Enquirer: 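My questions will all concern the structure given below.
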Amino acid sequence: MITVEGLSYRFRDSEDYALRAVSLAVRPGEFLVITGPSGCGKSTLGLALGGHLWRQHDGEGHGSVIVAGMDARSSPLYDVAEAVGLVQQNPEAAFCTLTVCDEVAFGLENRCLPRGEIVERVIWALDVVGASHLVNRGLATLSGGEKQKVAIAAILAARPQVLILDEPTSNLDPPATADLFKVIARIRARSGMTVLVIEHKVDYLLPFEPRLVVMDKGAVTYDGPFDEVFLPPSLESCGSAPIPVTGEPLLRVQGLCAGHDGRQVLHDISLEVHPGEFVAVMGDNGSGKTTFLLSVLGLVKPMQGRVEVLGHDTRQTPVSRLAREVGLVFQNPDHQIFADSVWQEAAFAANNLGVLDGRVEERITGLLARSGLENRRHEHPYRLSYGQKRRLNLVSVLPSQPRLLLLDEMLIGQDPANAAFLLALLAEHSRQGGAVLLVSHAPEVARWYANRLLFLEGGRLVQDAPPAVAFDWLARRGRRAYLPTARSMAGSGPSRLPLPLVECSRGTTA
């Protein structure tokens, strides 16, 4: 079904090859998992297999890519797309319409399928990903996880011979992640579809006995059956020790009701966050987590209630003023890239706030080096991988030294070493008297780093407690997908984590 021989590729103006002499053979109906560090070439390989690398990017390469009997380098993209469905890492990058129904139907309409068949496939695909309730929603109103479900449904509806999923669960909550992989397994069993999943959450895939391909620096370093050596290590050795929480609250929320376009999302939320706190925010896709973070920075104003940041009422204080004390990392890294080089982007916020000086520039240089981006400082940020963009987002926020950090799914696309690096920075920030609110679907992060866990359901804050207490409450409610693994809770050494977490590295401590 897929034959790759000696594939190398280098993007224009880049010194390093993104792919180095990659050779790969995939049989019809095979289930392949491709994993490896952030920036190792996984997504570039996916683009090559789908034919997009040669049509939508500028660079040079050699080698051959044959998919479903077609040369992916020279065959028309519309022919390759008939056989290969690629769900890219950023779901918004593939959207062509404004509504969920239109988006899932778009490719089918382009194929001139009968109306009845289009309706049938749209209903089927949305049901497969658990998104039937979204059919009449506008894409702009969806959460990141909901957008990801729609992007997957749009490709599944076309029923390709080869399905390539680039981190398909990066924005999905734990129940949706487990359900999606089960659905993919059922589709394979019924249709014989060839499936390639580019993923850090390899633990979810073990029951399906996939073939594993590991990449590093553009090359394939392992190709064979899954082995215990590739299981992510435990967070135990890197956890953040609790520190005393003192002082006036940095954030005070009282009876907050908020939403978008007249639709209420948050209902009567009240809480305080003090200096030194590391707060994990969890909940299902669409439960209001992102809306809550946007409300804290004043980007979403209260319908009712009050939000105070360091004593400033967000109704009356300009966002530009709040941004001096609050640093926000959006869920989609592309939503906060403004400059033409990695260095300029890293310095953008500090420069905008008027605090860029020699000392701050030294800190930026150090953060870029620690995040593995120093040698990319002159490149455009859009040349970075998804995970590298996430690290750059955080690097750009930290130099201005905001007291309160708001991070929406910061760990998406991170390999264990880089996840550890990011968590170490956040833990350091809280120890120095700042506070962190981290939206995350990773129970292990809350278990080992947070002193407090907020859980949202339907826009309501239904739990606010220390992680151990919150996990016990979740267990009693049957929400087991949100619990840390048994070995992680017991602290008994390496565990099979459903995330790429975490080993201490890069000389950092947490």
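All figures in this text were calculated on a predicted structure; none of them were measured in a lab. Computation of the quantities below employed the complete heavy-atom set of this structure, encompassing side-chain atoms and omitting hydrogens, waters and symmetry-equivalent molecules.
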Enquirer: What pair of heavy atoms forms the shortest contact from Pro210 to Leu205, and how long is it?
Expert: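 It is CD-O, 3.2 Å.
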
Enquirer: Which pair of heavy atoms, one from Ala83 and one from Pro160, lies closest together, and at what distance?
Expert: O-CB, 3.5 Å

Enquirer: Between Asp71 and Ile66, is any pair of side-chain heavy atoms under 4.5 Å apart?
Expert: yes

Enquirer: Could you give me the CA-CA distance, side-chain angles and deciding distance for Leu24 and Leu32, then say whether side-chain contact (heavy atoms from CB on, under 4.5 Å) is met?
Expert: CA-CA 11 Å; Leu24 198 64; Leu32 197 71; 4.1 Å; yes

Enquirer: Checking side-chain contact (heavy atoms from CB on, under 4.5 Å) for the pair Val128/Trp124: CA distance, chi angles, key distance, verdict?
Expert: CA-CA 6 Å; Val128 160; Trp124 171 81; 3.6 Å; yes

Enquirer: Can you tell me if Arg27 has over 12 outside heavy atoms packed within less than 6.0 Å of its CZ?
Expert: no

Enquirer: Counting only heavy atoms from other residues, nucleotides and ligands, does the tally under 6.0 Å from OH of Tyr382 exceed 12?
Expert: yes

Enquirer: Do you know which two heavy atoms are closest between Pro443 and His441, and how far apart they sit?
Expert: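 Closest approach of Pro443 to His441: CD-O, 3.2 Å.
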
Enquirer: For Asn90, check side chain to side chain donor-acceptor pair (under 3.5 Å) against everything at least two apart and list the hits.
Expert: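 For Asn90, the residues satisfying side chain to side chain donor-acceptor pair (under 3.5 Å) (neighbours in sequence not counted) are Asn332, Asp334.
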
Enquirer: Counting only heavy atoms not in Arg55, do more than 12 fall under 6.0 Å of its CZ?
Expert: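 Check passes, neighbour count above 12.
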
Enquirer: Please identify each residue that fulfils side chain to side chain donor-acceptor pair (under 3.5 Å) with Tyr482, with sequence neighbours left out.
Expert: Asp284

Enquirer: Assess the side chains of Gln88 and His52: does a donor N or O sit below 3.5 Å from an acceptor N or O?
Expert: no

Enquirer: Quick check for you: to the nearest 0.5 Å, what is the distance between Leu426 atom CG and Leu437 atom CG?
Expert: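 Rounded to the nearest 0.5 Å, the CG-CG separation comes out at 11.0 Å.
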
Enquirer: Main chain of Ser341, side chain of Arg377: is a donor-acceptor contact present, judged purely on distance under 3.5 Å?
Expert: no

Enquirer: Report yes if the side chains of Gln336 and Val329 come closer than 4.5 Å at any heavy-atom pair, otherwise no.
Expert: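 Yes; the side chains approach each other to less than 4.5 Å.
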
Enquirer: Taking only residues two or more places apart in sequence or in another chain, which ones pass ring pair (Phe, Tyr, Trp, His ring centres under 6.0 Å) with His133?
Expert: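 His133: no ring pair (Phe, Tyr, Trp, His ring centres under 6.0 Å) contacts found.
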
Enquirer: So, for Arg12 and Asp58, which heavy atoms are closest and what is the spacing to 0.1 Å?
Expert: NE-OD2, 2.7 Å

Enquirer: Go through the steps for Thr97 and Glu103 under the test side chain to side chain donor-acceptor pair (under 3.5 Å), then give the verdict.
Expert: CA-CA 5 Å; Thr97 68; Glu103 187 62 34; 2.9 Å; yes

Enquirer: Less than 4.0 Å between a side-chain N and a carboxylate O, is that true for Lys42 and Glu167?
Expert: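 Between Lys42 and Glu167 there is no salt bridge, as every charged N stays at least 4.0 Å from the carboxylate O atoms.
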
Enquirer: When you measure from the side chain of Asn351 to the backbone N and O of Leu356, does any donor-acceptor pair fall under 3.5 Å?
Expert: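 Not confirmed, Asn351 side chain does not pair with Leu356 backbone.
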
Enquirer: Please check if the side chain of Ser371 supplies one atom and the backbone of Leu368 the other of a donor-acceptor pair under 3.5 Å.
Expert: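 Yes, Ser371 side chain to Leu368 backbone: donor-acceptor pair under 3.5 Å.
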
Enquirer: Closer than 3.5 angstrom, by distance alone: can the side chain of Ser396 be matched with the main-chain N or O of Ala346 as a donor-acceptor pair?
Expert: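 Flag not set: sc Ser396 to bb Ala346 has no pair under 3.5 Å.
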
Enquirer: Take Leu49 and Val4, measure what side-chain contact (heavy atoms from CB on, under 4.5 Å) needs, and give me the verdict at the end.
Expert: CA-CA 9 Å; Leu49 297 177; Val4 180; 3.6 Å; yes

Enquirer: Heavy atoms, side chains only, cut-off 4.5 Å: are Phe292 and Val439 in contact?
Expert: no

Enquirer: Say you draw a straight line from CG of Leu405 to CG of Leu425; how long is it, rounded to the nearest 0.5 Å?
Expert: 9.5 Å

Enquirer: Can you find a pair of side-chain heavy atoms, one from Trp343 and one from Thr365, that are under 4.5 Å apart?
Expert: yes

Enquirer: Within the distance-only criterion (no hydrogens, no angle test), does the side chain of Arg363 pair as donor or acceptor with the backbone N or O of Leu398 below 3.5 angstrom?
Expert: yes

Enquirer: With rounding to the nearest 0.5 Å, note down the distance linking CZ in Phe31 to OG1 in Thr194.
Expert: 11.5 Å

Enquirer: Rounded to the nearest 0.5 Å, how far does CD of Glu199 lie from OG1 of Thr177?
Expert: 7.5 Å

Enquirer: Does Val87 reach the side chain of Gln148, with side-chain heavy atoms less than 4.5 Å apart?
Expert: no

Enquirer: Would you check, one step at a time, whether the test salt bridge (Lys or Arg N to Asp or Glu O under 4.0 Å) holds for Glu409 with Lys289?
Expert: CA-CA 10 Å; Glu409 294 291 355; Lys289 303 183 297 297; 5.7 Å; no

Enquirer: Is the backbone of Gly63 close enough, under 3.5 Å, to the side chain of Arg73 for a donor and an acceptor to pair up by distance?
Expert: yes

Enquirer: Can you list the steps and then say if Leu19 with Met215 is a side-chain contact (heavy atoms from CB on, under 4.5 Å)?
Expert: CA-CA 10 Å; Leu19 297 174; Met215 297 184 65; 3.9 Å; yes

Enquirer: Heavy atoms only: give me the nearest Gly288-Val265 pair and the separation to one decimal.
Expert: CA-CG1, 3.7 Å

Enquirer: Would the distance check show the side chain of Glu5 and the main-chain N or O of Ser64 forming a donor-acceptor pair, the cut-off being under 3.5 Å?
Expert: no

Enquirer: So which atom in Asp408 and which in Arg390 form the shortest heavy-atom distance, rounded to 0.1 Å?
Expert: O-NH2, 2.7 Å

Enquirer: With side chains defined as the heavy atoms from C-beta onward, is the minimum distance between Thr290 and Phe330 less than 4.5 Å?
Expert: no

Enquirer: Is any side-chain heavy atom of Val214 less than 4.5 Å from a side-chain heavy atom of Asp216?
Expert: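 Val214 does not reach Asp216 side chain to side chain.
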
Enquirer: So Val33 and Phe208, do their side chains get closer than 4.5 Å, heavy atoms only?
Expert: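 Counting from C-beta outward, Phe208 and Val33 never come under 4.5 Å.
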
Enquirer: Is there a donor-acceptor pair under 3.5 Å between the side chain of Ser8 and the backbone N or O of His62?
Expert: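 Not a single qualifying donor-acceptor pair exists.
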
Enquirer: Would the distance check show the side chain of Arg20 and the main-chain N or O of Ala219 forming a donor-acceptor pair, the cut-off being under 3.5 Å?
Expert: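 Not at all, since once roles are kept as given, no pair shorter than 3.5 Å links the two residues.
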
Enquirer: What is the distance from atom OG1 of Thr141 to atom CG of Asp261, rounded to the nearest 0.5 Å?
Expert: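 The OG1 atom of Thr141 sits 7.5 Å away from the CG atom of Asp261.
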
Enquirer: Just by distance, do the side chain of Glu146 and the backbone of Ser143 share a donor-acceptor pair under 3.5 Å?
Expert: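 Yes; judged by distance alone, with no hydrogens or angles, the pair exists.
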
Enquirer: Say you draw a straight line from NE2 of His260 to CG of Leu299; how long is it, rounded to the nearest 0.5 Å?
Expert: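 His260 NE2 to Leu299 CG: 10.0 Å, rounded to 0.5 Å.
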
